[in-house]
Number of protein chains: 2
Amino acid sequence: MKRTQNISVAVDAIVFGYSKENGVSILLIKRKYAPFKGKWALPGGFVEEKESLEKAVERELKEETGIKIDYLEQLYTFGKPNRDPRNRTISVAYFGIVNASKFQKLQASTDASEAEWFNIKDLPALGFDHRQILSVAIERLRSKIKYEPIGFELLNQRFAFSELENLYSTLLDRPIDRRNFKKKVMKLGILEELDEKAPKSGAGRPGNLFQFNKNAYDRLLIDGMHFEI
Amino acid sequence: MKRTQNISVAVDAIVFGYSKENGVSILLIKRKYAPFKGKWALPGGFVEEKESLEKAVERELKEETGIKIDYLEQLYTFGKPNRDPRNRTISVAYFGIVNASKFQKLQASTDASEAEWFNIKDLPALGFDHRQILSVAIERLRSKIKYEPIGFELLNQRFAFSELENLYSTLLDRPIDRRNFKKKVMKLGILEELDEKAPKSGAGRPGNLFQFNKNAYDRLLIDGMHFEI
DNA sequence: TATATTTGTGTCAAATTAACGCAAAATAAA
DNA sequence: TTTATTTTGCGTTAATTTGACACAAATATA
C-alpha cells in the first residue's frame, strides 16, 4: 500500500481531581511552544512509534505534570481536519482521575511547575479545541457517577461519608437527601464502614470513616448496576 | 515540529441491522487485497487528508457496501502497536445502524457484492483485531438499548409492537414480559400508536402499528432517561 | 366449528423511592 | 458552664414503581 496519508496522532488527557475546598478540578498545562504558546491547554502530545495510546498518555502526563493517574479510560477521538493549525492531527482523548491525596500534593508544588488545577466552573481560555474536549469529559463524569461508583476514585481510600455526599451534590449541581443517599449507597454493598472516626473538621458529631471495597464492586459490575440518585 | 511519526489513521464501521427472521446482524466485507485477502473483515479504510472521520466512514461504507447509514456514532479507537501487520495503524471504530427496510434490501442484492450480513451469533473468522472491535460494539448495543431508545433505529419507521418486543428479547437474550414491557415503553411517551393495523403475519389478533416520535425523544434526552427492562 | 396463536387491558402484592422526623455527639457562642 | 448550632446516625411512612399473572378479543389454522 502506498503511503499518501500525512496525519499525526496525538493523545490528550483530561484529569479530574477533587477536594471539598476546591471542588471538582481539572489539570491544565501552560504551553511552552507554538501554537498557542503561553496559553493553557490539556496535557498531551504525539504518540511514539511503538507505544500504546495508554502508555502515551501516561508518559505525557508524567513529563508535563509529574502526576501518576489512578483511573484512566478512553474518552473520545477528535479528528476534525483543521483542529491543529500545523498539520492534520487526530487526538485520542483520555479521561483520568487522581484521588484526593494526589490532588492536594500537586497543589502544594504548583509554583515550580507549569501545571495547575482549575475548578471546572472557572476555567481559563484554552488552545486548540480543548474546550470542546473538556465539555465532553465533564459530561462523561457527570453521567458516569450515576451508574458506576467512579466517584470513589476522586476521594481518598478512606473518607468520611459526608465527603462522598458533597462530591455527588457538587457534580450533580443540586442538593441530595443525605439520608436517602446513604441508604442507596450502602445497599450497593461496596462500602465498608470502619471503626475509626474521621478526623474532625469543624463542628458537628464526628462520623465513621468508610472505604471502598474493590472486590465487591467488580462483582457488581458483572451483573450491571444502576445507581440513580 | 519535526515529523517523526509514521502512523496511519483508519476508520472501521460496525453496522447493525435487524429483522425478525435473521435476528441481529452486522455487515462484513470480503477483503480483496492483502493482508487477510479473502477473509471477512469490517468495512473501513484509511482516512483521506481533508475529510472528517465521519465522512471517511460514510465514504468507505458507500464504496464497499453501497449502504447509507441511519445512525452513526463513534465507538472506540483501537491503537495497539501491532494490530496491523503492515505498519502501525490506529483505527477509529464507528457504531452504525440501518433500519429494517435497508437491511432487507442489501440482503436481496448480496450476491453481486462482496458485502454480506452475518448474524452476530454466527460470525466467520475475521482479519485484524476486528473480532475484538466487534465485541465492544455488541456490548455497546446491548447496554445502549437500556438507556436510549436506539432499538427503534433498527426497526422500520412504523412497526408492530411485537417487533420491538422481539428485538429487545433477542438483544438481551432473555424472555421479557410482553405486558410489563409495553407499559414501560409507552410510559416513556416517545411512541405514537397509529390507527392502522400491522400487515398480518401468521396467526393471531392483528395489532396496531406504532411509530417513534423523534421530538418527544429529544425532550426526554435532556432530562435523561433510564429504561430498565 | 374448535383450537391455537397473538394482541390488548387489567389486577394486585411486593419492593422501592421520596420526603421527612428526631435523637446523639461534637463544636461554637453566650 | 450553659445554651445554641452543626453534623451524624437511624429511623418512619405514604406514594410510586415493579414483577408476576389473569383473561378476553381477534385472527389463522386444523
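Convention: sequence-line order gives letters A, B, ...; per-chain numbering from 1.
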Should B:Tyr147 and A:Lys146 count as side-chain neighbours, where that means a heavy-atom distance under 4.5 Å?
no

Proximity of A:Phe103 and A:Phe16 rings by center, below 6.0 Å:
no

Distance-only, no hydrogens or angles: does the B:His130 side chain make a donor-acceptor pair with backbone N or O of B:Leu42 under 3.5 Å?
yes

Option from B:Phe227, B:Phe152, B:Phe212 for which ring-ring contact (aromatic ring centres under 6.0 Å, His included) with B:Tyr217 holds
B:Phe212

Which label fits A:Phe181 and A:Tyr168: parallel for a plane angle under 30°, tilted from 30 to 60°, or perpendicular past 60°?
tilted

What is the distance, to the nearest angstrom, from the CD1 atom on B:Ile229 to the C1' atom on D:dT18?
14 Å

Side chains of B:Phe161 and B:Val185, heavy atoms from C-beta outward: is any pair under 4.5 Å?
yes

For DNA chain D, which residues of residues 175-194 of chain A approach it to below 4.0 angstrom with any heavy atom?
A:Arg178, A:Arg179, A:Lys182, A:Lys183

One character per nucleotide, please: for nucleotides 25-30 of chain C, 5' to 3', B when the base has a protein heavy atom closer than 4.0 Å, S when only the sugar-phosphate does, - otherwise.
BBS---

If you define the side chain from C-beta out and look only at heavy atoms, does anything of A:Leu134 sit under 4.5 Å from A:Ile14?
yes

Residue pairs meeting salt bridge (charged side-chain N to carboxylate O under 4.0 Å, His left out), one or both in residues 187-210 of chain B, sequence neighbours left out, come to B:Arg158-B:Glu196

Taken to the nearest whole Å, CG/B:Leu209 to C1'/C:dT7 is 13 Å

Does anything in residues 120-133 of chain A pair up under salt bridge (charged side-chain N to carboxylate O under 4.0 Å, His left out), and if so which pairs, sequence neighbours excluded?
A:Arg83-A:Asp129, A:Lys121-A:Asp173

Residues of residues 150-160 of chain A with any non-hydrogen atom less than 4.0 angstrom from an atom of DNA chain C: list those, numerically ordered, please.
none

Starting from P on D:dT7, measure out to CG on A:Asn166 and report it in whole angstrom.
11 Å

Can you sort out the partners of B:Lys62 under side chain to side chain contact (heavy atoms under 4.5 Å, CB included), two or more places apart, ordered by chain and number?
none

Spacing between B:Glu165 atom CD and C:dT5 atom P, to the nearest angstrom:
16 Å

In whole angstrom, what separates B:Asp195's CG from C:dG8's P?
13 Å

In terms of side-chain geometry, is the basic nitrogen of B:Lys144 or B:Glu153 positioned less than 4.0 Å from the acidic oxygen of its partner?
no

